[in-house]
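The block underneath contains the structure these notes are about, expressed in structure tokens.
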Amino acid sequence: MGIKILKIVSAIVIVFLLIAVFSMAWFASAERKHLIDPYIDTQFAPDYTPEKFEGIKMGMTINEVETIVGKPFHTNNPPVFYHIADDSTKIEYVYTGDGKLLHKMQEQGKRYYYDCAWYYSSVVVDTNNIVVEINKVWCYD
């Protein structure tokens, strides 16, 4: 009787350990925000900060935006993040990008890196250079 109980308990413990190991492996490989530094994998345009970007409001001109957060990394026409697809009359000014960790690891000569979520910030302007959309999105790629 004691051996049967020991076998049952052993089987339960082994199953529990297998589930725990596979769960930890999945958790470690899934992309998510870094707990200590959420922006660890986000590249910022030279004068950009998330705090400055909070000062951007709908209806501002692109010149007012650039006075607050500086020049963007690049522009997209048509915008990538805009609620109307393929609207070539709008221009998106992009202030953040993915890959800060990749670049850091490449500089250190490492071939691997841990990919984390990154923060996408952009504004979309119309033909009058007026902000018609503000994008602040966490990207899990």
Side-chain angles (χ1 to χ4, degrees), residues 2-141:
I3 293 178
K4 285 185 179 181
I5 293 175
L6 183 60
K7 286 182 179 181
I8 292 171
V9 169
S10 296
I12 291 171
V13 168
I14 289 171
V15 168
F16 175 76
L17 288 174
L18 286 172
I19 291 171
V21 167
F22 284 111
S23 297
M24 287 188 300
W26 173 84
F27 187 79
S29 66
E31 186 170 331
R32 61 188 42 77
K33 282 197 264 185
H34 192 275
L35 295 175
I36 297 170
D37 182 2
Y39 301 107
I40 195 167
D41 202 18
T42 305
Q43 291 182 307
F44 294 155
D47 295 323
Y48 172 94
T49 67
E51 295 78 20
K52 288 180 184 178
F53 198 73
E54 290 299 320
I56 306 303
K57 305 293 180 218
M58 298 287 284
M60 287 182 156
T61 66
I62 192 60
N63 291 336
E64 292 171 320
V65 170
E66 289 181 352
T67 298
I68 296 171
V69 291
K71 298 283 184 191
F73 270 137
H74 61 87
T75 60
N76 293 326
N77 185 330
V80 174
F81 276 97
Y82 186 60
H83 65 278
I84 300 172
D86 296 327
D87 186 348
S88 60
T89 65
K90 308 286 189 282
I91 299 174
E92 179 182 32
Y93 290 78
V94 181
Y95 285 90
T96 59
D98 184 17
K100 184 175 166 185
L101 280 177
L102 175 62
H103 298 300
K104 186 182 288 187
M105 292 298 162
Q106 286 174 338
E107 288 170 5
Q108 295 172 2
K110 297 180 182 175
R111 296 182 184 181
Y112 65 91
Y113 75 103
Y114 298 102
D115 196 19
C116 292
W118 61 283
Y119 192 66
Y120 189 92
S121 296
S122 71
V123 295
V124 177
V125 300
D126 63 12
T127 55
N128 295 319
N129 286 324
I130 303 296
V131 174
V132 294
E133 187 168 305
I134 301 169
N135 298 298
K136 301 181 264 188
V137 181
W138 282 101
C139 298
Y140 302 88
D141 56 1

With heavy-atom distances below 4.5 Å as the criterion, would you say the side chains of [X] and [Y] are in contact?
| X | Y | value |
| --- | --- | --- |
| Thr49 | Phe44 | no |
| Ile134 | Met58 | yes |
| Val124 | Asn135 | yes |

Point-to-point distance, once rounded to the nearest 0.5 Å, from [atom1] of [X] to [atom2] of [Y]:
| X | Y | atom1 | atom2 | value |
| --- | --- | --- | --- | --- |
| Lys52 | Ser121 | NZ | OG | 13.0 Å |
| Met60 | Glu66 | CE | CD | 12.5 Å |
| Ile56 | Lys136 | CD1 | NZ | 9.0 Å |
| Cys139 | Lys33 | SG | NZ | 11.5 Å |
| Ile62 | Asn128 | CD1 | CG | 13.0 Å |

Practice item. Given salt bridge (Lys or Arg N to Asp or Glu O under 4.0 Å), test Lys57 with Glu64 step by step and report yes or no. Key: CA-CA 10 Å; Lys57 305 293 180 218; Glu64 292 171 320; over 6 Å; no
Review point. Among side-chain atoms of Asn129 and Thr61, is any donor-acceptor pair under 3.5 angstrom?
Key: no
For [X] and [Y], indicate whether the former's side chain and the latter's backbone hold a donor-acceptor pair under 3.5 Å.
| X | Y | answer |
| --- | --- | --- |
| Thr42 | Tyr119 | yes |
| Lys71 | Tyr95 | no |
| Asp37 | Tyr39 | yes |

Practice item. List the steps and the verdict of side chain to side chain contact (heavy atoms under 4.5 Å, CB included) for Glu133 and Glu92. Key: CA-CA 9 Å; Glu133 187 168 305; Glu92 179 182 32; over 6 Å; no
**Study point:** Stepwise side chain to side chain contact (heavy atoms under 4.5 Å, CB included) test for Asp41 and Asp98
**Key:** CA-CA 6 Å; Asp41 202 18; Asp98 184 17; 3.3 Å; yes
Check your understanding: What's the verdict on side chain to side chain contact (heavy atoms under 4.5 Å, CB included) for Val94 and Asn76, showing C-alpha distance, side-chain angles and the deciding distance?
Key -> CA-CA 8 Å; Val94 181; Asn76 293 326; 3.5 Å; yes
Exercise for review: May I have the step-by-step check of side chain to side chain contact (heavy atoms under 4.5 Å, CB included) for Asp126 and Thr89, ending in yes or no?
Suggested key: CA-CA 6 Å; Asp126 63 12; Thr89 65; over 6 Å; no
Check your understanding: With ring centroids as reference points, do Tyr140 and Trp138 lie under 6.0 angstrom apart?
Key ->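 So the answer is no for these two rings.
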Review point. Can the ring centroids of Tyr48 and Phe53 be said to lie less than 6.0 angstrom from one another?
Key: yes
